[in-house]
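What follows is one structure encoded as structure tokens, with my remarks underneath.
As the structure is a prediction and not an experimental result, all values here were calculated from the model. Below, chain A is the first sequence line, B the second, and so on; all start at residue 1.
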Amino acid sequence: MAEKSGADILVECLIDLGVEVVFGYPGGAVLPIYDALFNHPKIRHVLVRHEQGATHMAEGYARSTGKPGVVLVTSGPGATNAVTGITDALMDSIPMVVITGQVPTQLIGTDAFQEADTVGITRHCTKHNYLVKSPNKLASVIHEAFHIATTGRPGPVVIDIPKNVQIATAPYEKPETFEHASYRPQTKADPAAIASAVEMLAAARRPIFYTGGGVINSGPEASTLLREIAALTGAPVTSTLMGLGAYPASAPQWVGMLGMHGTYEANWAMNKADLIVCVGARFDDRVTGRLDAFAPNAKKIHIDIDRSSINKTVEVDLPVIADVASALTDMIALWKDRGHKAADLSEWWARIDGWRARNCLAYPDSHEEIMPQEAIAQLYKASRSAKDVIITTEVGQHQMWAAQHFGFDEPNKWLTSGGLGTMGYGFPAAIGAQVGNPDSLVVCVAGDASIQMNIQEMGTATQYRLPVKIFILNNEYMGMVRQWQELTYESRYSNSYSDSLPDFVKLAEAYGWTGIRIEGPQELEAGIRQMIDTPGPVIVDCRVAKLSNCFPMIPSGAAHTEMLLDPSQVEGIMSDEAKALV
Amino acid sequence: MHIQEEYSERHVLSLTVSNEAGILARIAGLFTARGYNIDSLTVADITPDHAISRITIVTSGPPKVIDQIIAQLDRLVPVHKVTDLTDNGPFVERELALVKVAGVGEDRIEALRLADVFRAKVVDTTIESFIFEITGTTDKIDNFVALMRQIGLVEVGRTGVVGLIRGKEPN
Ligand SMILES: Cc1ncc(C[n+]2csc(CCOP(=O)(O)OP(=O)(O)O)c2C)c(N)n1
């Protein structure tokens with residue numbers, strides 16, 4: 001068989017694996033791969049401006065399309081720049097394959113130019129990683145890497161390829177489907193666990209579904225099944241930040257997001273429930289609040305594909321280890337088989353309606369300033385005219401306001417950095433989402449501080465004519481930091497003021513974008529409309545009230561029932577125990 | 001404010017893993033990254049083709065943490081199987097140590113007498129010293145070393161624990 005270079009084998013594999021787009025940045029150690037990609041007819045390369053941008057673009061692409069995101073970077077600084085995005089993908093279970101160049105094998109360990117121990121550095125921020133020392137191994141490793149990244153609990157996989165391995169030759173044949181020797185994620189639940197789950201659900205009088213990003217990772221079918229089981233049981237549904245959209249926000253059984261900035265009704269329902277069915281979520285500390293006060297009266301069922309998520313922070317009564325879609329299919333079938341009917345939950349719903357009546361997401365009206373919540377609400381209203389809307393966010397107050405005030409009815413339309421909370425995620429993620437969904441309206445809801453973390457990617461959007469919109473809620477502060485300082489440190493705003501902000505409108509123009517400034521409530525609606533109607537990329541500098549706080553809020557170390565609903569409840573100081581929590 | 005410590009128990013875990021580059025770093029790193037304890041770790045390949053290694057880890061932690069350690073290890077791609085020997089019925093655990101003791105006269109005789117009680121073998125001797133080879137549980141070796149310390153311990157080398165489940169079942 002004719003032999004191919006390692007670089008050609010890599011490209012061949014990518015084609016065989018159905019890869020259409022690679023986000024990357026060249027350098028010495030990947031020049032052979034870049035040469036193999038030169039004017040390539042099948043693989044589109046998106047040239048980024050910083051490797052971190054490439055990783056978040058790959059995440060945005062993956063989250064919005066369900067396909068793995070692929071990144072290509074050079075050795076040393078190229079690889080280290082990618083580490084934040086790789087870690088982000090690990091925390092949020094995003095399928096991603098990162099190909100890094102490495103110095104040639106004979107130079108490894110000599111502190112060669114642009115050498116970094118990439119497999120060492122990324123060992124604990126990847127699902128798995130490889131250093132490939134021979135072109136003969138390349139094809140099987142690449143196919144295996146995609147298999148691992150996309151199955152089980154998805155995650156990032158790094159393949160480090162020394163430069164000489166890219167040039168040396170070996171035969172290439174598309175590998176047959178293989179059984180991995182040790183990696184076999186469990187996707188189908190134990191039938192006994194399904195049976196117990198169904199009986200517990202049928203017997204519950206105060207049940208609630210607590211859903212998470214796992215529902216979205218499981219694929220669109222899982223969201224459909226979630227709707228079905230919710231309808232069959234009549235139980236309320238809440239979700240983590242990562243799970244928004246899996247269950248429609250417009251449905252009557254939706255009680256809103258739970259956790260630190262979740263709704264009053266969702267958190268109280270979790271606290272008073274007699275059964276919590278956790279579907280593809282992981283009892284994160286942002287969700288549980290103080291652990292010993294978390295859902296004290298509830299039996300807990302935990303459906304998760306990753307056994308290590310079970311009993312990690314919260315002990316559960318019934319683990320169901322399976323892919324969400326598979327587990328829900330089995331549960332629905334058995335529920336119907338056994339002739340269960342939805343229990344009478346009217347008493348439970350009456351209590352929930354009582355909590356809902358607190359109207360916890362209400363915010364003060366203002367005629368002078370734009371309330372940030374109002375800006376999101378207006379954005380939501382205006383964007384309903386678009387055929388398909390994808391929202392990404394940066395990290396901070398604006399992220400929480402977007403989660404609270406934008407309604408998501410479909411999965412894969414809400415892209416945010418949950419686990420790692422990475423400022424700088426949102427804008428590149430929007431670019432990645434736009435690459436994967438050229439006809440959608442993609443809006444990055446940003447803060448004035450976060451947007452500056454990867455603002456260089458404006459050039460990428462310009463180059464590839466990607467009409468992404470950046471909607472900055474400009475409060476001239478690192479708002480979320482300022483809020484914590486107000487709550488915990490008697491308003492000593494240490495280094496949280498965004499001084500020397502650029503003129504975002506002029507910046508837009510410098511990159512060939514459209515810049516819009518919205519300065520008062522009366523300009524809000526028209527400004528948003530103009531943003532949506534502008535065909536190319538747009539930055540909106542939306543000047544909002546500077547000192548708004550994001551409520552409701554469960555302060556760190558507090559229980560769900562100790563939620564702060566408005567500024568009058570803020571004392572401005574906290575115990576050392578509470579201060580020590582993240 | 002003070003930081004509180006939790007009660008912990010000792011467990012012996014036995015893993016089979018693919019014998020590939022970086023596997024030890026992956027496992028040791030998992031323990032440091034997640035703040036778990038390693039009391040000892042042994043590794044050697046156990047199949048004729050050298051494809052599989054057995055790793056025996058002695059760790060300690062609250063039961064909940066032990067459960068997490070097992071789940072986290074099991075999740076690593078090159079890990080085939082994790083068995084908690086401590087939780088899976090009777091098992092045999094052994095450790096080997098080389099113990100160098102110096103002394104003359106009465107001390108020398110006492111060292112030999114104690115070695116006999118512990119069934120330690122003399123593997124090297126000079127006029128003024130012995131090296132004993134001893135196998136047994138960690139406790140037994142700890143005790144032997146403690147006694148030798150009083151006589152004239154020079155240094156100790158220990159292998160760490162290996163273990164297998166009793167009976168015909170595989171780990
Ligand atoms: C990379 C990174 N560095 C620091 C933080 C800590 N942090 C969380 S929110 C925040 C402020 C964000 O400010 P801005 O983007 O203006 O958003 P706002 O909260 O004002 O809406 C900071 C610094 C982070 N999440 N990520």
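Of the atoms belonging to A:T313, it is backbone heavy atoms, and not side-chain ones, that fall under 4.5 Å from chain B. Looking at B:V79, only its backbone comes within 4.5 Å of chain A, counting heavy atoms on both sides. Of the two parts of A:L131, neither the backbone nor the side chain holds a non-hydrogen atom closer than 4.5 Å to a non-hydrogen atom of chain B. Proximity to chain B (any heavy atom under 4.5 Å) is shown, for A:R184, by neither the backbone nor the side chain. B:Q68 touches chain A through its side chain: at least one heavy atom from C-beta onward sits under 4.5 Å away, while N, CA, C and O do not.
Here the shortest heavy-atom pairing between B:A25 and A:R123 reads CB-NH1, 3.0 Å.
B:R10 CZ: more than 12 foreign heavy atoms inside a 6.0 Å radius. Enclosure of atom NZ in B:K140 by more than 12 non-hydrogen atoms of other residues, nucleotides or ligands within 6.0 angstrom is indicated. No more than 12 heavy-atom neighbours from other residues, nucleotides or ligands sit within 6.0 angstrom of CD on B:E128. Environment of CG in A:D292: crowded, with over 12 heavy atoms of neighbouring residues, nucleotides or ligands closer than 6.0 Å. Atom CD of A:Q106 sits in a crowded spot, with more than 12 heavy atoms from other residues, nucleotides or ligands closer than 6.0 Å. Around the NZ atom of A:K579, the shell of radius 6.0 Å holds more than 12 heavy atoms that belong to other residues, nucleotides or ligands.
Rounding to the nearest 0.5 angstrom, the gap separating the CZ atom in B:R75 from the NZ atom in A:K127 is 8.5 Å. To the nearest 0.5 angstrom, A:S308 atom OG is 10.5 Å from B:D67 atom CG. B:L76 contributes atom CG, which lies 9.0 Å from atom NE2 of A:H128 (distance to the nearest 0.5 angstrom). B:Q72 CD to A:K312 NZ: the interatomic distance, rounded to the nearest 0.5 Å, is 6.0 Å.
The closest side-chain heavy-atom distance from A:R307 to B:I70 is below 4.5 Å. For the pair B:R26/A:N129, a side-chain contact is recorded, criterion being any heavy-atom separation below 4.5 Å from C-beta on.
Ranked by heavy-atom pairs shorter than 4.5 Å toward chain A, the options B:G29, B:A33, B:S18, B:A21 are led by B:G29.
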